[in-house]
Structure formats: C-alpha cells, structure tokens
2 protein chains.
Amino acid sequence: MESFFLHNANLLLENPEIAASLQEVAIPMTFKKGEIMHHSNTICKHFYLLLDGVARVFYYRDGKDVTVHIAQEQESITAIDSFIQRKKSKYSIEAMENIECIAISRNDIEELSAKSHQFEHFGRLFLEKIYIDLAERLDSLLLHTSHERYEDLLQKKPELFQRVPAKHLASFLGMTPETFSRIRGK
Amino acid sequence: MESFFLHNANLLLENPEIAASLQEVAIPMTFKKGEIMHHSNTICKHFYLLLDGVARVFYYRDGKDVTVHIAQEQESITAIDSFIQRKKSKYSIEAMENIECIAISRNDIEELSAKSHQFEHFGRLFLEKIYIDLAERLDSLLLHTSHERYEDLLQKKPELFQRVPAKHLASFLGMTPETFSRIRGK
DNA sequence: CGCCGAGTTGAACTGAATCAAGAAACGTGG
DNA sequence: CCACGTTTCTTGATTCAGTTCAACTCGGCG
C-alpha cells in the first residue's frame, strides 16, 4: 500500500504545461488553524493544493465526527463527492494548522479540460491514482487489524502523529480513540 | 447509496459517438460458466462489457476467496488494479454463468483516448463514477452492520440472490458465510 | 447409491466498541 | 504568567457483533 488516500499532487505539477495552465487559474488562499475551508451541505467549488499546513476531510457518521482524508504539503484535498457530482457535499474540510494553499475552481478545471485534451488526460490519470488509493484503503480496513493499520500509518506518515490530534487519526484509521490510545501505549 | 460497486456501463454506451468508436474495437467473446476470464498475477488487457451472464472479481485475502465486484448484464468488469496500473493483477475474474460480452483492450482504449478528446472525457467520467461507487462501498462497510448491508443489497439487486452462490455474496458484503446464512434465516 | 461442496445451526471465543471515570494538555481571560 | 474550565487522552470493566470451529443436513451428480 502506498498512500492510504493521501493524494500526492506531484502528478499534476510535474508536467510543465499542466502546471502553467494551473498557474493561470490558481487562487492563493490562506486559512487559520481551526478554520473550516469547506462546509458540508454546500457545493464544494474548489480543489486545494496545500503548500503549507495540514487539513482533513470529515463528516458526521451517526453523529460522530469521522475523518476520511488527511492532506499535508504537496498534497491535494477537496470534498470529492461534491466536486465530482456537483451536488451538496456531506463532507467538511478543516484546517488543522494555518494553511497556505492554492485553490482551483471546479469551473476552471472543467474549462481547461474542455479546451485541452492533455489537461483532460491528466484529470483522468489523477482519478486513476486516487481510485487505487481508495481501493487500498478499503482493503486495509477489511484485511488488517487495528494494530496493523496503526503500524502501517506510523511507518508511512510518522509526521502525522505529531501534527494531528489522536482522535482524528483514530477515526481515519477506523477505530475509536480508546483503541488508538491502547495501541499507542503498546 | 446507489450501486455498491456494480458499475453500470450505460454511461459509455448512451453516447452515440463513443458507442460507435467502441464498436470498432470491441471483440465479442464468450465464456462458459466457471471459466476464469482473467487470471490473477497476469496483466489484465481487457475491459469487459457484459451482454449476458454474471461474473465476479475476486482474490485471495489471507488465503480466503474474497469477492470484490459482481457484474451483470449491461455492467462492466475488469481487474481494475491491473487495468489502471498496467501491472500484474491480484484479482481474477470468474464467469458465474455462461457469459456473452464484448471485450475492449486497454491498448485500444488508450489509443482512442489519445486520438479523441471526447473519449478521454468519457474515460474520466467513468472513473469519477466508479470512484463514487467505491467511496460508498467503503462507507457502507464502516457505517452499516452486516444486517443492514444484507438488506441493502437485497433491495438494490435482488436478482443476485438467485444467481450468485451465497458464499460469494457473503464475502462481497464483508461477512462470513455463516453470518450470511444466519441473517438470511431471519 | 454414496460422495462432496454448499448451506445451516450451535457453542465458544475475541477484537474492538461502549461506558465510565480520572489525568493530562490546552487556551483564554484576567 | 498563572488559574480555571474545557477538551483530549488514558485506563479499566463490561458488552457485543461477528468470527471461528465443529457437527450436521441437503441437493446435485458421478
């Protein structure tokens, strides 16, 4: 397993033409720690590439706050359901540190895709990548124990354990804070 | 939740130009019940659109046969990991009834995508769709009990309960055959 | 007929959730 | 910079859904 749904945006930025197109429409934005970058039940109009800081996507599952995605620098984050389906999202996005990022609007992405075959192509590649990530995440949740998922994340993204509150890592890994704490305490 | 990962291929066929392009490269194929349409540990070169019959994608998770996708008529099936990443797949595909289908090779899809912006566009839409399906499947497994997942599938795809052996439905729903049987017996 | 895989049923087990309560960390205002 | 209240984390006891293991039944097919 590679990224555990932490999308690396390099795919988009490493191609000069794509990067240049994105430059033109990118809007630099900042968010303060704790700020909600996107509110659930609204349409998410932006796709964010983080330059600094950590953010998470979460929603309320049976009244409980569940984190489904965490992104750091060089990674992307959006309310994917809304972004794809152009309907109100069940997800919110929260800045967990002060964030510097660039935002690209859904409309601009559509326009660039319509205009440029190559851009459309990279859009497809990006979706292929996050699809595989998601399939791996699903496998991990079904196949591995809480212990194994904890160790896996610890190995792949140790920084997160310093930067993100334990309760959010716990729900991201599909376990309760109590279980997370017990595993941490060996 | 809509499709529980049962991709409907109408997206591809309802557009006349796309359908016509696909016609040109589509290879009609048949498989007998029980036949393996794709062997794991080989590269899956085809994407199948089923015209008649039921097939499943499965792999061995800790030595156990786990079904991860089931497709009927008008739906598509492939070893998605291999198809996207062009590497050996961990999945196999098995015909659970005699199958009539058309096969489209990965190469042809790539060529059509390179040649036709519109085709590329539909490729992207298709991926968006299966991404949302997969996200819903993940949610379902985390949020709902075995009971609820059973009822959900029963309501959405009652035909499958006649056509597919219980043990495969069980693993598809993320439970043991015993649990499946107990739920079925009310 | 007799076999064999599939399905059912029962009993014991278990990983993780839940409930509860105390300790530590945080941040906000004085 | 400290005090206080709130949130987060830890630790323990209990519960539960679902797995595992095992035995038995059924139905199709040689």
Exercise. Are T176(B) and dT19(D) close enough that a side-chain N or O sits under 4.0 Å from OP1 or OP2?
Worked result: yes

For this session: Quickly work out the L169(B) CG to dA6(C) C1' distance and round it to whole Å.
Result: 13 Å

Exercise. Do the side-chain N or O atoms of S146(A) get closer than 4.0 angstrom to the phosphate oxygens (OP1, OP2) of dA16(C)?
Worked result: yes

Exercise. If you check the S181(A) side chain, which of dT8(C), dG7(C), dT10(D) turns out closest?
Worked result: dT10(D)

For this session: Would you indicate what R184(A) reaches in the nucleic acid, counting non-hydrogen atoms under 4.0 angstrom: base, sugar-phosphate, or nothing?
Result: sugar-phosphate

Exercise. Can R56(A) and D65(A) be counted as an ion pair, charged N to O under 4.0 angstrom?
Worked result: yes

For this session: Could you say whether T145(A) or R182(B) is positioned toward the 5' end of DNA chain C, judged by the nucleotide with the nearest heavy atom to each?
Result: R182(B)

Problem set entry | Touch class at under 4.0 angstrom, heavy-atom based, for G34(A) against every strand present | nothing

Exercise. Taking only side-chain nitrogens and oxygens of T179(B), does any of them come within less than 4.0 Å of OP1 or OP2 of dG18(D)?
Worked result: no

Exercise. Which part of the nucleic acid does P177(B) contact within heavy-atom distance under 4.0 Å: base, sugar-phosphate only, or nothing?
Worked result: nothing

For this session: Inspect the contact between R61(B) and D139(A) and indicate whether a charged nitrogen and a carboxylate oxygen are less than 4.0 angstrom apart.
Result: yes

Seminar exercise, completed: Heavy atoms of K90(B) and S40(B) approach each other most closely as O-CB, 3.5 Å

For this session: For I84(B) and Y131(A), work out which heavy atoms get closest and say how close.
Result: CD1-CD2, 4.1 Å

Exercise. Please give, in whole Å, the distance from dA13(D) P to E178(A) CD?
Worked result: 15 Å

For this session: Let me know the distance between OH of Y150(A) and P of dC9(D), rounded to the nearest Å.
Result: 12 Å

Exercise. Any side-chain N or O of K64(A) under 4.0 Å from OP1/OP2 of dT18(C)?
Worked result: yes

Exercise. Given atom CG of L173(A) and atom C1' of dA17(C), what is their separation to the nearest angstrom?
Worked result: 16 Å

